[in-house]
Number of protein chains: 2
Amino acid sequence: MVTIYDIAKKAQVSAMTVSRVINNSGRISDQTKAKVKKIMEELNYVPNSTARSLVTQETKMLTLLITDITNPFYTTLARGAEDAAMQLGYKLLFGNSDENLQKEKEYLDIILSTRVDGVLFAPAGDASVEHLNALKRHSIPFVLLDREVPGIESDMVIGESKEGARQLVEHLIALGHTRIALVNGSNSISTARQRYAGYWEALKLNDLPFDENLVMELGYKQLEDASLLDPLLQLDRPPTAIFAANNFLAASIVGALRSKQIRVPEQMSIACFDDFGILSQLNPFLTVVAQPAYQFGYLGVQLLVDRIQNKAAADWRKIILPTELICRESTKPLLTNS
Amino acid sequence: MVTIYDIAKKAQVSAMTVSRVINNSGRISDQTKAKVKKIMEELNYVPNSTARSLVTQETKMLTLLITDITNPFYTTLARGAEDAAMQLGYKLLFGNSDENLQKEKEYLDIILSTRVDGVLFAPAGDASVEHLNALKRHSIPFVLLDREVPGIESDMVIGESKEGARQLVEHLIALGHTRIALVNGSNSISTARQRYAGYWEALKLNDLPFDENLVMELGYKQLEDASLLDPLLQLDRPPTAIFAANNFLAASIVGALRSKQIRVPEQMSIACFDDFGILSQLNPFLTVVAQPAYQFGYLGVQLLVDRIQNKAAADWRKIILPTELICRESTKPLLTNS
DNA sequence: TTAGATCGTGTTACCGATAACATTAACATA
DNA sequence: TATGTTAATGTTATCGGTAACACGATCTAA
């Protein structure tokens, strides 16, 4: 591997002079600069950023830690993050925690040893507080994405979960539904609590009774088994509409209902939080509350890099992105007597 | 930041002894080991992998360079790659080339300076040969994903593009279609050529005429404008079925047809290469030739790491993954006189 | 003419680990 | 008892850059 010393030797200058040419810093005569550049090209020299990082104490790398890149929300978020990182001169490492604290811990250790300059963190839940405090202890800046964590102050980019949920449930109510189920993520995740709150508020605002049997906490991951929904479907008065708290749940539910020969939306209306990326374009089907996923990632990186480069205000910044209700085919007016 | 010397000092041993404890190498008395470990925990010490990389000459990082993470095929592939990398002790950087050689070049430079241990490379096209040769020059192992590049010998994981295309087109033919259009990716991409060849072969095997007006090369990206399809739709004898060479094209085409009030599949059958991940579960609609995307990434990393660690045979290995035809709603028998 | 400023470049130390070799003490063996 | 082993640890050099400071040569202004 060619090093800066090889260049220096061949150009008959010191390594420092070569370094100055590489970084275009300090004063160099045009003549020397040209000579050094020529030799660097001849030898296909590429500076070793590991060595540079060791002395400058910055890696120009960020870590994006999400729950699952195959969730379309995070897919698009990741694209936004990568675009922003690239534009700002940072590389992006990524990891999937699968909503699992143990896996999250493994990534935390990697983050610490890799000495990334900052982290975009979609925490697995409230218990992630430990991991975030570890980042603080090690002075690694981070931005929370999508989910807040009680006890943690930081920059963050989140959505209007409560508002969005309320809006979506009111849409269902407007269609005549009164028995509306909520299939939710873990209660230890802020968005799940907020979506619950929005659901509850919509019922109250419309003088509908709250029935705890209509609320299930099944986690934000895809369901492994259609029977998980049975408690809901076998109620004496089953729901006529289901609000899934995220897209994975909705997809699982639609699949489960299909396997049970329950037609959507004729027999059951379905709606959920988060859209499906390109899929929606293909065959717009599910009524959703969409969030600007790309912006979550893009703005998240901007906040983070501002913080890293000390361009940020001392106060923590909290970006709250708007949701958008998109009504499609999966929600239909309730037919009387069905 | 706590360094190995801080630990050494506090434990009253040399840095080397601490290093041995960290790496569990060499001989250390249990007593010393325990003492050092205790102090490492007390001080929240995490070894600096940048420093380690500089001396060991390995970063334990891989780069995954794909065209677009939001393409469901690459999303799932990325997940497979990350899982495998994590299991094998590697971190994963990723980049989106957008099928663009210039962007690919920028990532190449990053790859070279970052000194990653290997690269998973889905090349933008045949012209990527230059970039791949640069990797060879710098002795950076790589595995080609999904696409071959003439003039490049390497490990690779690819699909049966020709076979899959033939199968899909024969499915359309079996439904009675004789005017079948191909909307293809750039001819400078191996998969596009192979899918073209499969298309052609299917026609020949079934004694159908080949009409070059039915073939369009629009690239593998999403179409910006529905009018791009006009040359096809405004033919005297327009097609009754369209084979889109990838999922992005199919999604764009379905969208374009919708905007033109052409119903799928009643007025036009559509099928494509590559599935849509979770979307397919949601609302299975498009008939596709699916590829095992997760395996592309997972096996790709395995090949790569074998190569990096010199566990691979000297010969290049070429994994060819099978395709699977999944017939869904977007393809229907041709009605006579329509 | 001469001191001080400026320009262009070099020297040295250091970032935080590890490889290779050196050293010491305790132990084993002849 | 002398010598060779072995276990446990230390010393030194090095990975490939950059920061900080040093230095000589040329230029500028009094």
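The minimum heavy-atom distance linking B/Lys91 with B/Thr59 is given by the pair NZ-O, 3.4 Å.
Set against D/dG17, C/dA17, D/dG10, the side chain of B/Ala51 has C/dA17 as its closest nucleotide. When distances are taken from the side chain of B/Val13 to each of D/dG16, D/dG10, C/dT18, the shortest belongs to D/dG10.
Nearer to the 5' terminus of DNA chain D, by closest-nucleotide assignment, is the contact made by B/Ala15 (compared with the other of A/Ser49 and B/Ala15). Positionally, the nearest nucleotide of DNA chain D for B/Ser14 lies more toward the 5' end than for the other of B/Ser14 and A/Val55. Nearest-nucleotide positions on DNA chain C for A/Gly26 and A/Tyr5 put A/Gly26 closer to the 5' end.
Rounded to whole Å, the distance from CG on B/Asn24 to P on D/dA8 is 13 Å. Atom CD1 in A/Ile28 sits roughly 13 Å away from atom P in C/dC7 (whole-Å rounding). For the pair A/Glu58 CD and C/dG16 P, the computed distance is 14 Å after rounding to whole Å. Going from atom CD of B/Gln31 over to atom C1' of D/dA8 covers 12 Å, rounded to whole Å. Computed from coordinates, the B/Gln57 CD to D/dT14 C1' distance equals 10 Å when rounded to whole Å. For the pair B/Leu54 CG and D/dA13 P, the interatomic distance rounds to 18 Å; values are reported in whole Å. Atom NZ in B/Lys9 sits roughly 16 Å away from atom C1' in C/dG16 (whole-Å rounding). Atoms CZ (A/Arg27) and P (D/dA25) sit 19 Å apart, rounded to a whole Å.
Summarising the geometry, atom CG belonging to B/Leu62 is positioned 6.5 Å from atom CG belonging to B/Leu120; distances are rounded to the nearest 0.5 Å.
The shortest distance between the side-chain N/O atoms of A/Arg52 and the OP1/OP2 oxygens of D/dG17 is not below 4.0 Å. Contact annotation: A/Thr56 does not reach the phosphate of C/dC15 (side-chain N/O to OP1 or OP2, under 4.0 Å). Between B/Asn23 and C/dT18 there is a side-chain N or O to OP1 or OP2 distance below 4.0 Å. Of the side-chain N and O atoms in B/Thr32, none sit less than 4.0 angstrom from OP1 or OP2 of D/dA8. For the OP1/OP2 pair of D/dT18 and a distance below 4.0 Å, the side-chain nitrogens and oxygens of A/Ser25 include no atom meeting the criterion.
If you run side-chain contact (heavy atoms from CB on, under 4.5 Å) between A/Thr50 and each of B/Val55, B/Thr114, B/Thr50, only B/Thr50 comes through.
For the pair B/Ile140 and B/Leu112, the minimum side-chain heavy-atom distance is below 4.5 Å.
Below the 3.5 angstrom threshold, one finds a donor paired with an acceptor across the side chain of B/Arg20 and the base of D/dG10.
Taking the six-membered ring where the residue is Trp, the centroids of A/Tyr74 and A/Phe296 are separated by 6.0 Å or more.
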